[in-house]
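Because only heavy atoms are used, hydrogens play no part in the values below, and waters and symmetry mates are left out as well, while side chains stay in.
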Amino acid sequence: QVQLVESGGGLVQPGGSLRLSCAASGSIFSINAMDWYRQAPGKQRELVAGITSGGSTNYADSVKGRFIISRDNAKNTVYLQMNSLKPEDTGVYYCNAKVRTVANPFRYTEVWGQGTLVTVSS
């Protein structure tokens, strides 16, 4: 069993910054991609940023130049540094990981965190 636990959400004023963390724990053999998604009220969940085990990154156009994704493979943790936040960045942010477990190291399983709420408002 693998779990993802997000932290770092909260209320911030427009133009402010937040740093989200997502730590994976459990019977982990290896982790491939780790991604951040968000879901705004009344909207579908969307990919915000992703990072491979080798460090390659990709970003949604709406956050390029403002958000930075990084990971610490030794800690099985992914981060999302969010700068110059806008009201439209408001939503629940979810961590997603493609994980191989000790019990089954030959296939990847997709795991989701419980989400952390980010509210950008004055």
Side-chain angles (χ1 to χ4, degrees):
Q1 192 82 359
V2 176
Q3 291 183 327
L4 300 179
V5 178
E6 300 107 331
S7 60
L11 173 64
V12 63
Q13 292 187 342
S17 298
L18 280 176
R19 189 189 194 214
L20 305 183
S21 299
C22 170
S25 63
S27 300
I28 299 169
F29 182 79
S30 68
I31 303 177
N32 190 4
M34 300 186 81
D35 304 315
W36 285 99
Y37 287 75
R38 69 184 177 194
Q39 187 164 19
K43 295 188 176 181
Q44 289 189 332
R45 193 173 298 188
E46 62 174 352
L47 177 66
V48 175
I51 185 168
T52 68
S53 57
S56 297
T57 60
N58 62 283
Y59 297 92
D61 287 343
S62 59
V63 307
K64 281 181 181 176
R66 300 189 296 123
F67 290 12
I68 300 172
I69 188 170
S70 61
R71 68 190 280 173
D72 184 333
N73 290 330
K75 296 181 179 179
N76 291 329
T77 299
V78 62
Y79 307 95
L80 186 67
Q81 177 66 43
M82 305 186 294
N83 302 318
S84 302
L85 283 161
K86 304 175 181 179
E88 51 263 44
D89 294 318
T90 294
V92 179
Y93 283 69
Y94 296 92
C95 179
N96 175 282
K98 311 299 190 293
V99 180
R100 290 193 292 176
T101 65
V102 171
N104 193 349
F106 301 107
R107 63 181 287 265
Y108 282 101
T109 299
E110 190 172 37
V111 183
W112 288 91
Q114 82 288 351
T116 185
L117 177 62
V118 172
T119 303
V120 185
S121 176
S122 54

Visitor: About how many Å separate OG1 of Thr119 and CG of Leu18, when rounded to the nearest 0.5 Å?
Guide: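 Answer rounded to 0.5 Å: 9.5 Å.
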Visitor: Cluster question for you: counting only ILVMFWY and a side-chain heavy-atom cut-off of under 4.5 Å, with indirect links fine, are Val92 and Val78 together?
Guide: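 They do not share one cluster, since no chain of ILVMFWY contacts under 4.5 Å joins Val92 to Val78.
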Visitor: Between atom CG of Asp89 and atom OG of Ser62, what is the distance when rounded to the nearest 0.5 Å?
Guide: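 Reported to 0.5 Å precision, the distance equals 7.0 Å.
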Visitor: I need the Gln3 CD to Ser27 OG distance, nearest 0.5 Å.
Guide: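 Nearest 0.5 Å value for the CD-OG distance: 10.5 Å.
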Visitor: Using only atom types and a distance under 3.5 Å, with no angle test, would you say the side chain of Arg71 pairs donor to acceptor with the backbone of Thr52?
Guide: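 Pair found, side chain donor or acceptor close to backbone of Thr52.
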Visitor: Counting only N and O atoms by type, is there a donor-acceptor contact under 3.5 Å from the side chain of Asn104 to the main-chain atoms of Thr101?
Guide: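 A pair under 3.5 Å: no.
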Visitor: Could you state whether Trp112 and Leu4 fall into the same hydrophobic cluster, counting links through intermediate Ile, Leu, Val, Met, Phe, Trp or Tyr residues with side-chain heavy atoms under 4.5 angstrom apart?
Guide: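 Different hydrophobic clusters.
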Visitor: Hydrophobic cluster membership, with links at side-chain heavy-atom distances under 4.5 Å among I/L/V/M/F/W/Y: are Tyr37 and Val99 in one?
Guide: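 As far as the 4.5 Å side-chain criterion goes, Val99 and Tyr37 are not connected within one cluster.
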Visitor: For a quick test of reading the model, state the closest non-hydrogen atom pair linking Ala33 to Ile31 and the distance between them.
Guide: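 Minimum heavy-atom separation between Ala33 and Ile31: O-CG2, 4.2 Å.
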Visitor: For Gln39, give me all partners under side-chain hydrogen bond (donor to acceptor under 3.5 Å, both in side chains), at least two apart in sequence or on another chain.
Guide: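 If we apply the side-chain hydrogen bond (donor to acceptor under 3.5 Å, both in side chains) test to Gln39, skipping adjacent residues, there are no hits.
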Visitor: Which value, rounded to the nearest 0.5 Å, describes the distance between Thr90 atom OG1 and Leu117 atom CG?
Guide: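 Between atom OG1 of Thr90 and atom CG of Leu117 there are 8.0 Å.
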Visitor: Can you see which heavy atom on Pro14 is nearest to which on Ser122, and at what distance?
Guide: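 Nearest pair, atom of Pro14 first, then Ser122: CD-N, 3.7 Å.
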Visitor: Looking only at heavy atoms, what is the nearest atom pair of Ser17 and Ser84, with distance?
Guide: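 What the structure gives for the nearest pair is OG-N, 4.4 Å.
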Visitor: Run the side-chain hydrogen bond (donor to acceptor under 3.5 Å, both in side chains) test against Glu88 and tell me which residues pass, sequence neighbours left out.
Guide: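 Expected list: none.
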Visitor: For Tyr94 and Gly113, which heavy atoms make the closest approach, and how far apart are they?
Guide: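 Taking every non-hydrogen atom into account, CD2-O, 3.7 Å.
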Visitor: Any link between Val63 and Leu20 through a network of hydrophobic side chains (Ile, Leu, Val, Met, Phe, Trp, Tyr) touching at under 4.5 Å?
Guide: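 Both belong to a single hydrophobic cluster.
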Visitor: Verify, without hydrogens or angle tests, whether Glu6 (side chain) and Gly115 (backbone) share a donor-acceptor contact under 3.5 angstrom.
Guide: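 Answer holds: yes.
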Visitor: Take Asp61 and Lys64 through the salt bridge (Lys or Arg N to Asp or Glu O under 4.0 Å) test and state the conclusion after the steps.
Guide: CA-CA 5 Å; Asp61 287 343; Lys64 281 181 181 176; 3.1 Å; yes
Visitor: Which atoms form the tightest heavy-atom contact between Tyr59 and Ile69, and what is the distance?
Guide: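 Nearest heavy atoms, Tyr59 then Ile69: OH-N, 3.0 Å.
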Visitor: With Ser30, which residues qualify under side-chain hydrogen bond (donor to acceptor under 3.5 Å, both in side chains), at least two apart?
Guide: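 Once residues adjacent in sequence are excluded, the partners of Ser30 under the side-chain hydrogen bond (donor to acceptor under 3.5 Å, both in side chains) criterion are Arg100.
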Visitor: Can you find a heavy atom in the side chain of Thr77 that is under 4.5 Å from one in the side chain of Met34?
Guide: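 Side-chain contact under 4.5 Å: no.
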Visitor: If you round to the nearest 0.5 Å, how far is CH2 of Trp36 from OG1 of Thr116?
Guide: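 That separation rounds to 7.5 Å.
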Visitor: State yes or no: do Tyr79 and Tyr93 share one hydrophobic cluster built from I, L, V, M, F, W and Y residues joined by side-chain heavy-atom distances below 4.5 Å, directly or via other members?
Guide: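 No, Tyr79 and Tyr93 fall in different hydrophobic clusters.
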Visitor: Under the 3.5 angstrom rule, does the side chain of Asn76 hit a backbone N or O of Ser25 as a donor-acceptor pair?
Guide: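 Checking the backbone N and O of Ser25 against the side chain of Asn76, no donor-acceptor pair under 3.5 Å is found.
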Visitor: Side chains of Met82 and Val118: does their closest heavy-atom pair fall under 4.5 Å?
Guide: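 Heavy-atom side-chain distance check passes, below 4.5 Å.
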Visitor: Is it the case that over 12 heavy atoms from other parts of the model lie below 6.0 angstrom from the CD atom of Glu110?
Guide: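 More than 12 within 6.0 Å, yes.
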Visitor: What's the separation between atom CG in Asn83 and atom CD1 in Ile68, rounded to the nearest 0.5 Å?
Guide: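 Separation between the atoms: 6.0 Å.
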